[in-house]
Amino acid sequence: MSDNAIETGFQTDPRAALWPNYSPPGELVFRRGSGSELFTEEGLAYLDFLSGIAVTSFGHSHPHLVSALTNQANDLWHLSNVFRIPAAEELARRLVAVSFADSLFLANSGTEAVEAGIKAIRGYQASKGHPQRTRIIGFSESFHGRSLAALAAAGNQAHMKNFIPGDYGFDHVPWEDLAALDSAIDAETAGIILEPIQGEGGIRPINKEFLESVRKLCDEHGLLLMFDEVQCGVGRSGHLFAHENFGVFPDVMALAKGLGGGFPIGVCLTTKAVAEPMVVGTHGSTFGGNSLAAAVGNAVLDLVLENGLLDDVKTKSQFFVQALEQLINKHPNKIESVHGLGFMLGVKCVVPSAELLVALRDKQLLVGKSGSNMIRLLPPLNVSREHLEKAISIMDETLGEM
Ligand SMILES: *Cc1c(COP(=O)(O)O)cnc(C)c1O
């Protein structure tokens, strides 16, 4: 018996055997999903504008993804990378064809994609005769995952406390502070990591000129630039990759969330020079890029790369942002501004964002929370106009009653 005994009591609470590190609302259990909606046992429909935190990029149970998964499941699930995996080779070929990258490593999650990138940055510097270059600079309000190195990369003291002794080889500077970044670079610096659109710390697209300056600093000092597009990548921003919004390209990039559409996958993409030192024995993953994950990843790519999809995201996003701005005009003492790009949107609240989130959930609209007192709106990329309108009307009603 401990502090994690909740509401219904330790013996009967079905959550009791799980670590107490999450706090899902007790009474709400979803049994089925379809498109932008989730359904409870009783058949109550909720509009899902959280999408499993930008993961179910084409909603729930999309027929193309279901058939990719089930067809692959009937053929072959898993081989390990001891053998060639044709679906993984195909996924890699396609991602390389549409990105800055020359090759990639397949993992199971965003954190693992980030970890692979951190190793590749250090491995590259060592291979170029700079083994002392091991330190990586990150930015305030960042999030890169929950492994030890990913926590250290983001430098969020609240997440690191009790878990990370020392700095683990990372330095940190304030977001978009060029002078601080410049003076943080020294003879031990190997690279810089950032989210082109910050997600967890508040929805925050990076300033284009700042990003151009970061790229320039990297080139001047022989540093590698890594983008964490785990959340903002794969169409979420209205471009295939968020950095395309700014016209600045990385040497290393992590993808995950949206690429699996709900199936666990992570990818670390790199240039040829960064990939070259990652020879046999330097890195690996048992599950990474297995047949099931690769088959689903390919199917998600089919949908994202479909003609007009990204334009459609931009058009619908414009419509949605305008409607949100009208809500701000109508309820200025409740919400104050809209942030983000495409369908990675944050609404900064005047009221506590957690209260708005719960009030919206009570009216069957699911949203996320983010730092800086924002709620996070991450509808599926293929959400319908009707569902966007419905979300606005639920928000209008909720804000009116608060
Ligand atoms: C979610 C997230 C991660 C971590 O991904 P996991 O799949 O949870 O390991 C890393 N970086 C960013 C920007 C994220 O949003």
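Counting starts at 1 for both ligands and their atoms, in listed order.
Environment of NZ in K216: sparse, with no more than 12 heavy atoms of neighbouring residues, nucleotides or ligands closer than 6.0 Å. For CZ of F210, the number of neighbouring non-hydrogen atoms (other residues, nucleotides, ligands) closer than 6.0 Å is greater than 12. Heavy-atom contacts from other residues, nucleotides or ligands closer than 6.0 Å to CG of N21 number more than 12. Heavy-atom neighbours of K314 NZ from other residues, nucleotides or ligands within 6.0 Å: above the threshold of 12.
Within the 4.0 Å heavy-atom criterion, the part of H144 lying near ligand 1 is the backbone and not the side chain. Contact annotation for V230 and ligand 1: only side-chain heavy atoms (C-beta onward) come within less than 4.0 Å of the ligand.
The cationic atom of R122 (NZ for Lys, CZ for Arg) lies less than 6.0 Å from the six-membered ring centre of F170 and within 45° of the ring axis.
With respect to atom 8 (O) of ligand 1, the closest heavy atom belonging to the protein is T111 OG1, 4.3 Å. Protein heavy atom nearest atom 11 (N) of ligand 1, with residue, atom name and distance: D228 OD2, 2.7 Å.
Atom numbering of ligand 1 starts at 1 in the shown order; those under 4.0 Å from a heavy atom of S109 are 7 (O), 9 (O). Within the listing of ligand 1, atoms 13 (C) sit less than 4.0 angstrom from a heavy atom of E195.
Below 3.5 Å of separation, one finds an N or O of G110 facing an N or O of ligand 1.
Atom 2 (C) of ligand 1 has its nearest heavy-atom neighbour, among Q231, K257, E112, in K257.
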Please assess R385 against E389 for the test salt bridge (charged side-chain N to carboxylate O under 4.0 Å, His left out), listing each intermediate value before the final yes or no.
CA-CA 6 Å; R385 271 259 181 171; E389 282 165 2; 5.4 Å; no
